[in-house]
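When reading the values below, keep in mind they use all heavy atoms of this one structure, side chains included, and skip hydrogens, waters and symmetry mates. Predicted model only: the values in this text are computed from it and were never measured.
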Amino acid sequence: SDLDYRLGGDTGLSVGWRQRVAGRSSWSVQVNARRLGRDRFMGDDVPSTGSTSVNLTPGVRISTDDSGLAFSAYLQLPVYQDVNESQLAPRWAFIMGLARRF
C-alpha cells in the first residue's frame with residue numbers, strides 16, 4: 001500500500017482422511033497447520049501479529065441422491081497455538097457448508 005504496510009506470509013498444510021459410513025454419509029478427520037508471519041510497517045515488525053497453529057478437524061458430510069446437494073459440518077479444535085504478544089485466539093470453531101454439484 002501507499003502506507004508501506006506489508007502483510008506477513010501465510011503458509012498452510014492440511015492432511016485428512018474420509019470414510020464412507022452408510023449410503024451417502026461419510027465422516028472425516030483432518031489435521032490443519034498454519035503459520036502466519038509478522039506484518040511489517042515502514043520496515044519494522046508490527047506487534048501482536050504472526051502466529052503458528054495446529055488444529056484437529058473432525059467432520060461429517062451427507063449427500064442427497066438426485067439434486068447433487070451435500071451438507072457438511074466440521075468442528076475445528078486447536079491442538080497447538082503460539083501467538084506473538086497479545087492476540088485473540090479461538091478455543092474452537094464450527095464450520096457448516098452446503099454444496100451443489102452441476
side-chain contact (heavy atoms from CB on, under 4.5 Å) partners of [X], counting only residues at least two apart:
X: Val31; result: Val15, Val54, Leu56
X: Ser63; result: Arg24, Arg61, Ala70
X: Asp10; result: Arg34, Leu36

Interatomic spacing from [atom1] in [X] to [atom2] in [Y] - rounded to 0.5 Å:
X: Asn84; Y: Asp39; atom1: CG; atom2: CG; answer: 10.5 Å
X: Asn55; Y: Leu77; atom1: CG; atom2: CG; answer: 8.0 Å
X: Ser72; Y: Trp27; atom1: OG; atom2: CH2; answer: 16.0 Å
X: Leu69; Y: Arg100; atom1: CG; atom2: CZ; answer: 6.0 Å
X: Arg18; Y: Ser26; atom1: CZ; atom2: OG; answer: 4.5 Å
X: Arg6; Y: Phe41; atom1: CZ; atom2: CZ; answer: 11.0 Å

Under a single-linkage definition using a 4.5 Å side-chain heavy-atom cutoff for Ile, Leu, Val, Met, Phe, Trp and Tyr, are [X] and [Y] assigned to the same hydrophobic cluster?
X: Tyr80; Y: Val83; answer: no
X: Met42; Y: Val46; answer: yes
X: Phe71; Y: Ile95; answer: no
X: Leu98; Y: Ile62; answer: no

- Message: Using modelled atom types and a 3.5 Å cut-off, is there a donor and acceptor pairing between side-chain atoms of Ser48 and backbone atoms of Ser86?
- Response: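 Yes, the answer is positive, given that a donor and an acceptor are paired below the 3.5 Å cut-off.
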- Message: Ignoring hydrogens, what is the shortest heavy-atom contact between Pro78 and Gln76? Give both atom names and the distance.
- Response: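 The answer is CD-O, 3.8 Å.
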- Task: Identify the two heavy atoms, one from Gly43 and one from Asp4, that lie closest to each other, and give their separation to 0.1 Å.
- Result: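 Closest approach of Gly43 to Asp4, heavy atoms only: N-OD2, 4.1 Å.
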- Have Thr52 and Asp82 got a donor and an acceptor in their side chains that come within less than 3.5 Å?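 No pair is found: no donor N or O on one side chain lies under 3.5 Å from an acceptor on the other.
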- Message: Take a 6.0 Å sphere around CH2 of Trp92 and say whether it holds more than 12 heavy atoms from other residues, nucleotides or ligands.
- Response: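 Result for CH2/Trp92: open.
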- Message: Quick one, Ser67 and Arg101 - any side-chain contact, counting heavy atoms below 4.5 Å?
- Response: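 No, every pair of side-chain atoms sits at 4.5 Å or beyond.
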- Query: Taking the side chain as C-beta and beyond, is there a heavy-atom pair between Tyr74 and Gln30 under 4.5 Å?
  - Reply: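 A side-chain contact exists here, since the closest heavy-atom pair is under 4.5 Å.
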